[in-house]
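Shown next, in structure tokens, is the structure this report addresses.
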Amino acid sequence: MLTPEDGSADLIRALNNRLVALSFHIREYYWIDMKKLNEIYRYQTEEYSYDAVNKFNIYPDQISPWLVDWMPSKGGYLIGNLQPAHMDFRFFSLGNLWSIVCSLTTDDQSHAILDLIEAKWTDLVADMPFKICYPALEGQEWKIITGCDPKNTPWSYHNGGAWPTLLWQLAVASIKMNRPEIAAKAVEVAEKRISRDKWPEYYDTKKARFIGKQARLYQTWSIAGYLVAKLLLANPSAAKILISQEDSELLNAFSCAISSNPRRKKRGPKSPQKTYIV
């Protein structure tokens, strides 16, 4: 939103440096796939050096048992949170879909997210698209983390519930990566019952078979999510106003950062013209 001029040059330069650093951090450390999962599984702990592999001192025992069986051989996603000695491995739909739309993820990572959605269709789409997160928190955990909100029982509301309004965001992400058939298939699933169910706000249970226990009916965003998805699939070019393409300068800086990472093989084009702080 800044107009490039003499007064804003320093600020724009500082913002670009920050964007490069944040982009590198998210793409490198928040990304999980089968290759990264196996790397974490073999982590050594208490490493303290510039070339340490386990920079956040993650203990391999923190890999959730559900993830070992759930992670497909093809596909990946951005995890929910990363902090010293802790990773939240849950799949959060909204963040991952928008990471595709706004080019937070690379093209390969964006395709991998869609690959995971296809591979885990019965979990993420089920009987009503689309799961807001997977898996749900259960036992005492959901009470501690969600503040005992009675709507957030396992597989309900924000704790693994299914939200039809996510359909249009799935459509934008699929269209951007030239894979609209993924969203089209999800829309077909929704059409079987969403109108008959009176356009509820969200759905409950692991397979989204029940209307949410406190879901309001005739919800504008549920109706709009379906209609926008249908219209975008009928006219994919309309999605351009919502899509951000990869910034070439950011991509170049990211490639340089990857190349200079001592624990990674060098890849991507070298460009010594500019220096970025990562």
Between [X] and [Y] (salt bridge meaning N to carboxylate O under 4.0 Å), is one present in this structure?
X    : Y    : answer
D108 : R27  : no
D10  : R13  : yes
D149 : K151 : yes
E118 : K74  : no

Tell me, do [X] and [Y] make a side-chain contact under 4.5 Å, heavy atoms counted?
X    : Y    : answer
N159 : E141 : no
L97  : V101 : no
L170 : I117 : yes
L19  : S23  : no
P135 : R90  : yes
P129 : L166 : no
R209 : Y203 : no
K185 : W121 : yes

Judged by atom type as modelled, is there a donor-acceptor pair below 3.5 Å linking the side chain of [X] to the main-chain atoms of [Y]?
X    : Y    : answer
N81  : D88  : no
K120 : M71  : no
T165 : G225 : no
T106 : Q109 : yes
R42  : N38  : no
K192 : D127 : no
R179 : H111 : yes
D204 : F210 : no

Can you measure from [atom1] ([X]) to [atom2] ([Y]) and round to the nearest 0.5 angstrom?
X    : Y    : atom1 : atom2 : answer
F89  : L67  : CZ    : CG    : 6.0 Å
L217 : S222 : CG    : OG    : 9.5 Å
Y202 : W221 : OH    : CH2   : 11.0 Å
E39  : L37  : CD    : CG    : 10.0 Å
I113 : F91  : CD1   : CZ    : 6.5 Å
I145 : N152 : CD1   : CG    : 11.0 Å

Is there a path of hydrophobic side-chain contacts, each under 4.5 Å between heavy atoms of I/L/V/M/F/W/Y residues, joining [Y] to [X]?
X    : Y    : value
W155 : I144 : no
Y29  : Y41  : yes
I182 : V189 : yes
M177 : V125 : yes
I79  : M34  : yes

| said: Assess the residue pair L231 and N235 against the criterion (side-chain contact (heavy atoms from CB on, under 4.5 Å)); give the C-alpha distance rounded to whole Å, side-chain angles, the decisive distance to 0.1 Å, and a yes or no. | reply: CA-CA 6 Å; L231 291 170; N235 181 21; over 6 Å; no
Q.
Under the criterion side-chain contact (heavy atoms from CB on, under 4.5 Å), I'd like the reasoning laid out for W66 against V68: C-alpha separation, chi angles, the key distance, then a yes or no.
A. CA-CA 6 Å; W66 68 266; V68 175; over 6 Å; no
Evaluation steps, side-chain contact (heavy atoms from CB on, under 4.5 Å), between L116 and N96:
CA-CA 11 Å; L116 180 130; N96 275 278; over 6 Å; no
If I compare all heavy atoms of [X] with all of [Y], which pair ends up nearest, and what's the gap?
X    : Y    : value
E201 : P164 : O-CD, 3.5 Å
P72  : A119 : CB-CB, 3.8 Å
G76  : D33  : CA-CB, 4.0 Å
I132 : G160 : CG2-N, 4.1 Å
K206 : K131 : O-NZ, 3.0 Å
A229 : V187 : CB-CG2, 3.9 Å

Notebook entry, point to check: Of E246, Q245, K176, which is the lone residue that meets side chain to side chain donor-acceptor pair (under 3.5 Å) with S103?
Noted result: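 Single side chain to side chain donor-acceptor pair (under 3.5 Å) partner of S103 among E246, Q245, K176: K176.
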| said: Using a 6.0 Å cut-off, check whether atom CZ of F92 has over 12 heavy atoms from anything other than its own residue. | reply: yes
Crowded around K198 NZ? As in, over 12 foreign heavy atoms under 6.0 Å?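 No, the 6.0 Å shell around NZ holds no more than 12 heavy atoms from other groups.
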Checking L104, L94, I26 against S99 for side chain to side chain contact (heavy atoms under 4.5 Å, CB included), the one that qualifies is L104
Only residue of W168, Y157, F130 satisfying ring-ring contact (aromatic ring centres under 6.0 Å, His included) with W163 is Y157
